[in-house]
Participant: 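Structure provided below as structure tokens; questions to follow.
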Protein chains: 2
Amino acid sequence: MPYDPSAFPPFAVTVDLVVLTVRRHSLCALAVRRGESPFQGRWALPGGFVRADEDLSQAAARELAEETGLRAHEPAAPAQDNGAHLEQLATYGDPKRDPRMRVVSVAHLALAPDLPAPRAGGDASNARWAPVEELLQHGGYGRDGEPVAPLAFDHAQILSDGVERARSKIEYSSLATAFCPPEFTVGELRRVYEAVWGVALDPRNFHRKVTGTPGFLVPTGGTTTRQGGRPAQLFRAGGATLLNPPMLRPEV
Amino acid sequence: MPYDPSAFPPFAVTVDLVVLTVRRHSLCALAVRRGESPFQGRWALPGGFVRADEDLSQAAARELAEETGLRAHEPAAPAQDNGAHLEQLATYGDPKRDPRMRVVSVAHLALAPDLPAPRAGGDASNARWAPVEELLQHGGYGRDGEPVAPLAFDHAQILSDGVERARSKIEYSSLATAFCPPEFTVGELRRVYEAVWGVALDPRNFHRKVTGTPGFLVPTGGTTTRQGGRPAQLFRAGGATLLNPPMLRPEV
DNA sequence: GTGTTTATCGTCAAGCAGACGACTATGATC
DNA sequence: GATCATAGTCGTCTGCTTGACGATAAACAC
């Protein structure tokens, strides 16, 4: 049976990125300022159209590289290099989500270690790392007193879903190491959990949990004092990707 | 800036459904036989094009109703009525996944109680409930000796992802009740877990766990002997949607 | 009545988590 | 150099949850 173009309505397909990192003890997301209508001048999640010959994950990795310079590695591969974790999040297709046309957006979630400065096509003033609470509180004010308008389109919903995915996934997987540099200390990993969950964790119990889980952390032999205080052992992420039993998120 | 149709390539967007139920102590999925090329005569997951004015979840609910007659309720709503649980699963967009054209499919996962007979547009011979292992083992043979060809398109991958989602989600949520009728016994719920996980669970420990979790099960006051043996209390699903601590899936 | 089936309650030991004391090793400050 | 602050690491104790499993209860089949 030949292909009948009239049998289906045409859609534009985009990828949007929730890029999360931990900066100054708080969970931050990458936001870019829109240069075009609609929502011109408003902050939005980075993203763009999927090309005709591209897979969705390829498109997400390309957008991630364009916005941050990060290479992505697939969920299967371990976080050995300095690339970012990238996984599909969810797809958003409300008919009215883009006033111009029918757009279906496949959102992806990227987790990266603390990065230098963002770049959006070389224009730093149009991209920034912002604490997720700041991006999600509609009508509040940012650190510099600038009024924070709601994110463009349905990006607040997407960001919220991405944050929730990250919060729940570090419970039962070793994904939190994606926020860390290749070598890190137990304390640095704990501060990642504390920033993502917004809670304080007991350093002693945390240390016992992560070092007692086989395959989670592999000591590299080195130590560091970059956090001050007593030198801490350096670890790499081990091969284990699933934490069983999971890390328990304290009740809030 | 006006809308420029040349700025993006057009896609067809479909929804595919992984409809799971528990029948005769085994996890089964709904499969339909394709009447058209490509993959004519092969089994596939039910699905169809998203209409021009439809949201993705609306399209999934419409397809579900067309194939099974089930009404869907959103994840937020409790499973009070006899509808099915429906949630978005993942999106598949490999450029070559459909040989005819560029199709992005937003797969959804539906969980339903054991149903009468399937109907695919009224044609029962072209729809069936099949154990998921049977649908996933490429080149095996079904119960009736009929050779089982691999599912069409990338539907084996989609089904596999849906089964894995269901298996993991009943660990930490009350989702297993979606496989049960509105009123059910602890034993029936246990057999759901056993079928989905493919393991045997201790009836006594299971009973202690589910009845000891506040808000998980609400006794209706009634009893039943439909399973034989001593009459069992009937329960409805309680308001709790998250199980904390989770039900532990035994190592296999 | 006896046996079978399923449901439900109880017991016990092992393991894990939360609370928290104690000690160690560095840099900063006086 | 002594003292202090900071951060890391090792233990201890208690309570809760789990897994294994014994025992009892209430139906049906014969």
Side-chain angles (χ1 to χ4, degrees), chain A residues 22 24-25 170-172 180 183-195 197 199-236 240 242-252, chain B residues 24-25 170-172 180 183-195 197 199-235 240 242-252:
Chain A
V22 174
R24 284 182 270 109
H25 213 281
I170 65 174
E171 283 189 72
Y172 58 90
C180 294
E183 295 200 353
F184 54 89
T185 70
V186 173
E188 289 166 346
L189 183 63
R190 175 170 50 81
R191 279 180 281 275
V192 164
Y193 275 89
E194 291 179 333
W197 283 346
V199 298
L201 299 176
D202 185 288
R204 296 156 291 188
N205 294 336
F206 184 87
H207 189 278
R208 178 181 59 189
K209 173 71 176 174
V210 297
T211 57
T213 301
F216 188 9
L217 297 183
V218 179
T220 65
T223 60
T224 183
T225 62
R226 60 187 168 215
Q227 294 295 335
R230 171 175 164 177
Q233 275 191 83
L234 283 170
F235 293 88
R236 282 185 299 102
L242 249 52
L243 252 51
N244 203 325
M247 181 92 57
L248 295 181
R249 172 158 35 160
E251 315 284 332
V252 182
Chain B
R24 284 183 268 107
H25 213 281
I170 65 175
E171 283 189 72
Y172 58 89
C180 295
E183 294 199 353
F184 54 89
T185 70
V186 172
E188 290 166 345
L189 183 63
R190 175 171 48 82
R191 279 179 281 274
V192 165
Y193 275 90
E194 291 178 332
W197 284 345
V199 297
L201 299 175
D202 185 287
R204 297 158 290 191
N205 293 337
F206 184 87
H207 189 278
R208 178 182 58 190
K209 174 72 176 173
V210 296
T211 58
T213 300
F216 189 8
L217 297 183
V218 178
T220 66
T223 61
T224 183
T225 62
R226 61 186 169 214
Q227 296 294 336
R230 171 176 164 178
Q233 276 191 83
L234 284 170
F235 294 87
L242 249 50
L243 252 52
N244 203 327
M247 181 92 56
L248 294 181
R249 172 159 33 161
E251 315 285 331
V252 183

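Keep in mind the model is a prediction, meaning the values are calculated, not measured. Residue numbering restarts at 1 for every chain, and letters A, B, ... go by the order of the sequence lines. Values below: every heavy atom of this structure, side chains too, minus hydrogens, waters and symmetry copies.
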Participant: When the distance from NE2 of A:H207 to P of D:dG11 is rounded to whole Å, what number comes out?
Facilitator: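 Rounded to whole Å, this separation is 11 Å.
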Participant: Indicate the atoms forming the closest heavy-atom contact of B:T211 with B:F235, along with that distance.
Facilitator: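 So the two residues come closest at CG2-CZ, 4.4 Å.
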Participant: Please figure out whether B:N205 or A:Q227 has its closest DNA chain D nucleotide nearer the 5' end.
Facilitator: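 Its nearest nucleotide lies further toward 5', so the answer is A:Q227.
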Participant: Take atom NE2 of A:H25 and atom P of D:dT6, then tell me their distance rounded to the nearest Å.
Facilitator: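 Result: 14 Å.
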Participant: A:N244 CG to D:dG19 P: how many Å, rounded?
Facilitator: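 Result: 10 Å.
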Participant: Measure CG/A:L217 against P/D:dT9 and give the value in whole Å, please.
Facilitator: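 Nearest whole value for this atom pair: 11 Å.
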Participant: Passes side chain to side chain contact (heavy atoms under 4.5 Å, CB included), A:W197 versus A:M247? Steps please.
Facilitator: CA-CA 12 Å; A:W197 283 346; A:M247 181 92 57; 3.6 Å; yes
Participant: State, to 0.1 Å, how close B:T223 and B:Q233 come at their nearest heavy-atom pair, and which atoms those are.
Facilitator: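 Shortest heavy-atom contact: CG2-CA, 4.2 Å.
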Participant: For B:T211 and for A:M247, locate the closest nucleotide of DNA chain C by heavy-atom distance; then report the residue assigned to the nucleotide nearer the 5' terminus.
Facilitator: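 Residue closer to the 5' terminus by nearest nucleotide: B:T211.
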Participant: Any side-chain N or O of B:R191 below 4.0 angstrom from OP1/OP2 of C:dA7?
Facilitator: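 It does, given that an N or O in the side chain of B:R191 lies less than 4.0 Å from OP1 or OP2 of C:dA7.
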Participant: Base, sugar-phosphate, or nothing: which does A:R226 touch, judged by heavy atoms less than 4.0 Å apart?
Facilitator: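 The answer is nothing, as A:R226 stays clear of every strand by at least 4.0 Å.
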Participant: Starting from C1' on C:dT6, measure out to CD on B:Q233 and report it in whole angstrom.
Facilitator: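 The distance from CD of B:Q233 to C1' of C:dT6 comes to 14 Å, rounded to the nearest Å.
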Participant: Would you name the heavy atoms of B:E188 and B:E183 that are closest together and state the gap between them?
Facilitator: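 Distance-wise, the nearest heavy atoms are OE1-O, 4.3 Å.
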Participant: Take the protein atom NZ of A:K209 and the nucleotide atom P of C:dC20, then report the distance between them rounded to whole Å.
Facilitator: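 Distance check: A:K209 NZ to C:dC20 P gives 21 Å.
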Participant: What do the steps show when you test B:L234 against B:R226 for side chain to side chain contact (heavy atoms under 4.5 Å, CB included), and what is the final call?
Facilitator: CA-CA 11 Å; B:L234 284 170; B:R226 61 186 169 214; 3.6 Å; yes
Participant: Does any donor-acceptor pair link the side chain of B:R230 with the base of C:dA7 at a separation under 3.5 Å?
Facilitator: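 Such a pair is found, so the answer is yes.
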Participant: Name the residue closer to the 5' end of DNA chain D, choosing between B:G229 and B:P245 according to the nucleotide with the nearest heavy atom.
Facilitator: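 Its nearest nucleotide lies further toward 5', so the answer is B:P245.
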Participant: Could you state the atom-to-atom distance from CG of A:L201 to P of C:dA19 in whole Å?
Facilitator: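 Checked: the CG to P distance equals 11 Å.
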Participant: Report yes or no: is there a donor-acceptor pair, N or O only, under 3.5 Å between the side chain of A:R204 and the base of D:dG11?
Facilitator: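 A donor-acceptor contact between them is absent.
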Participant: Any N or O donor-acceptor pair under 3.5 Å from the base of C:dG18 to the side chain of A:R208?
Facilitator: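 Yes, a donor-acceptor pair under 3.5 Å.
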Participant: Provide, to the nearest angstrom, the distance between the CG atom belonging to A:D202 and the P atom belonging to D:dA7.
Facilitator: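 Going from A:D202 (CG) to D:dA7 (P), I get 15 Å.
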